[in-house]
Amino acid sequence: MRILRFILVKEFTQIFRDKAMLPILFVLPVVQLLVLSHAAVFEVNGLRIAVWDQDRTEESRRLEQAFRANTYFEVVEGVQNEAAANRYLREGRVNAVVMIPRGSGVVHVRIDAVDGYTAGIADAYIRQVVASVWPPAIGPDTRIVSGRFRFNPELDDKRNMVPAILVLLITMLGAFLSAMNIVREREIGTMDQLDVTPITRAHFILGKLIPFWLIGLGMFGIGLTVAWAVFGIVSAGPLPVLFGTAALYLLSVLGLGLWVSSVSDTQHQAMLVAWFLLVVFILMSGLFTPVSSMPEWARHIAQLNPVKWYIDLVRRVMLAGAGWADVLPSVGVLAVFAVAWNSLAWWSMRR
Amino acid sequence: MNAIETHHLTKRFGGFTAVDDLTFSVRAGEIFGFLGANGAGKTTAMKMLTGLAAPTSGDATVAGRSIRDHAVSVKKRIGYMSQRFSLYEDLSVRENLRFFGGVYGLDDATLADRIARFETTYHMSGRMHTRVKELPLGIKQNVAFGTALLHQPDIVFLDEPTGGVDPITRRRFWGMLVEEAARGTTLFVTTHYMDEAEYCDRIGMMVDGKLVALDTPARLKQTMGVATMDDVFVKLARGGAA
């Protein structure tokens, strides 16, 4: 224990002496939460549409007014013929052109589908507006089944994104910093010096993991504070569940960092390996696209992704108010990851 | 009494034999110079003696304990200083001393006492809180040596300790080594500088994984019929025998 104490004093001194460290700890969570949660928003706002009214009846004007009054749309002027309609679409000046032909009582809609996601949303919104003004106009599929959204009634993407970004923060911190730190000892040659001392492998690993484990938890706390102070997002579920599971999750992330360091000789290599793994984990985590919409093989692979499990868990706790009993199965999975990666790292450490 | 004894110590990497059936001993309190061209097996032999690598066959006793069976207790009794001055550059002199002293299990009182003694021995007062990276190379070398001695090891291994240092600083450093050996510490030194070999009590010369000569510098020169250690080295490395 005494040896470990000296190792921890040395590690903390070095970590906080590193000029990059304090910005990483305090600026990174704020910037990531602010930028990502605003940028990675899936709600489609400000759809630009042109309304080309050939009918010029009271009915058609009512429809045009409904588009102008709707805050989701921004009506662009100047489309009064076929050529202009096509040009505006092609140049991306409008997302859609709504054309009302003379006397037919129907609406022709052309949508820019370069971005399929936005196109789908635009289509749905336009149908809703048309259906509210001209109930029978577009046919039977304009009937809207009213549903109630639970947990996030306003479908606010920030409430969904913030927990996921918290998870990304501690994942990146844990994996990168621990991997780089250990490889650095090898790179500057102090690893040999440590090897000739009575420090055992267990001392060395604990001495490296404990600081980043505590720092990761601290960062998680800072992130939660920012979420509350800036977005007014407060966890619906109990904080001990969040911190308890974060502690467990960090163990598996640090195990990953440890393993990366054991297969790398330089910090550059460690960075590349860690970056490659994290990109795969993050893309397959359900952060940007739901896991349920992936192809079957990808869904199976995603089950091996701790980032996916933990984002899911944190969302359950923060939004749906899940407690220990609800997250127990996921906790079991996280424990398996923690044990598996740390064992792998232990086994492949070449010292 | 012998500080180091090796018995048929051998290390193979696949088909390559880096250290071939090494049997010799180093007396307690002597400065033992371990010479050889690059790739002669010096580093590998030293790695086995310091517990960094396990022998393929054979064994060695270091500070009275087998390196095969008691690697950890051997590590407590030895010090190590490499040419890379493996101190933490971002820590101060005192922080380095506390760390290395602490991991060798020194208690707080002993540690404080040894650090105070280090400060006077190496004339470091006023520099104890300086970060190691800000020290001149010669001073760093002293600090590394002092750090390796902090837990009062029986044997200190020095792997090319004076690489890249000017002749005056090297001479001063060797003065320190001679003093330390006079106090009874065994010093096992590898070097490429033949003027340094003259300071050693005895010289072991490695060629292709084998120990081809083992004697005092004076007797080596005499037997080989040459005037300088340089000539001894060249003659032995080219395949002559002592």
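Naming: A, B, ... by sequence-line order, numbering from 1 per chain. Predicted model, so just to flag it, every value in this text is computed and none were measured.
For the residue pair His123(B) / Asn142(B), no side-chain donor-acceptor distance below 3.5 Å is found, with atom types taken as modelled.
Looking at Leu52(B), only its side chain comes within 4.5 Å of chain A, counting heavy atoms on both sides. Residue contact with chain A, scored on non-hydrogen atoms closer than 4.5 Å, involves the backbone and the side chain of Arg98(B) alike. Contacts between Asp108(B) and chain A at a heavy-atom distance below 4.5 Å involve backbone atoms as well as side-chain atoms. If you measure heavy-atom distances from Leu106(B) to chain A, the contacts under 4.5 Å come from the backbone alone.
Interface check for chain A: of the options Val72(B), Asp90(B), Thr50(B), the most heavy-atom pairs under 4.5 Å are formed by Asp90(B).
The main-chain N or O of Arg12(B) is never found under 3.5 Å from a side-chain atom of Thr17(B) such that the two would form a donor-acceptor pair.
Under the 30°/60° scheme for interplanar angles, the aromatic rings of Phe145(B) and Tyr122(B) are found to stand perpendicular. Using the six-membered ring where Trp is involved, Trp341(A) and Phe281(A) have ring planes that are tilted, between 30° and 60° apart.
Between Phe157(B) and Tyr80(B), the ring centre distance reaches or exceeds 6.0 Å.
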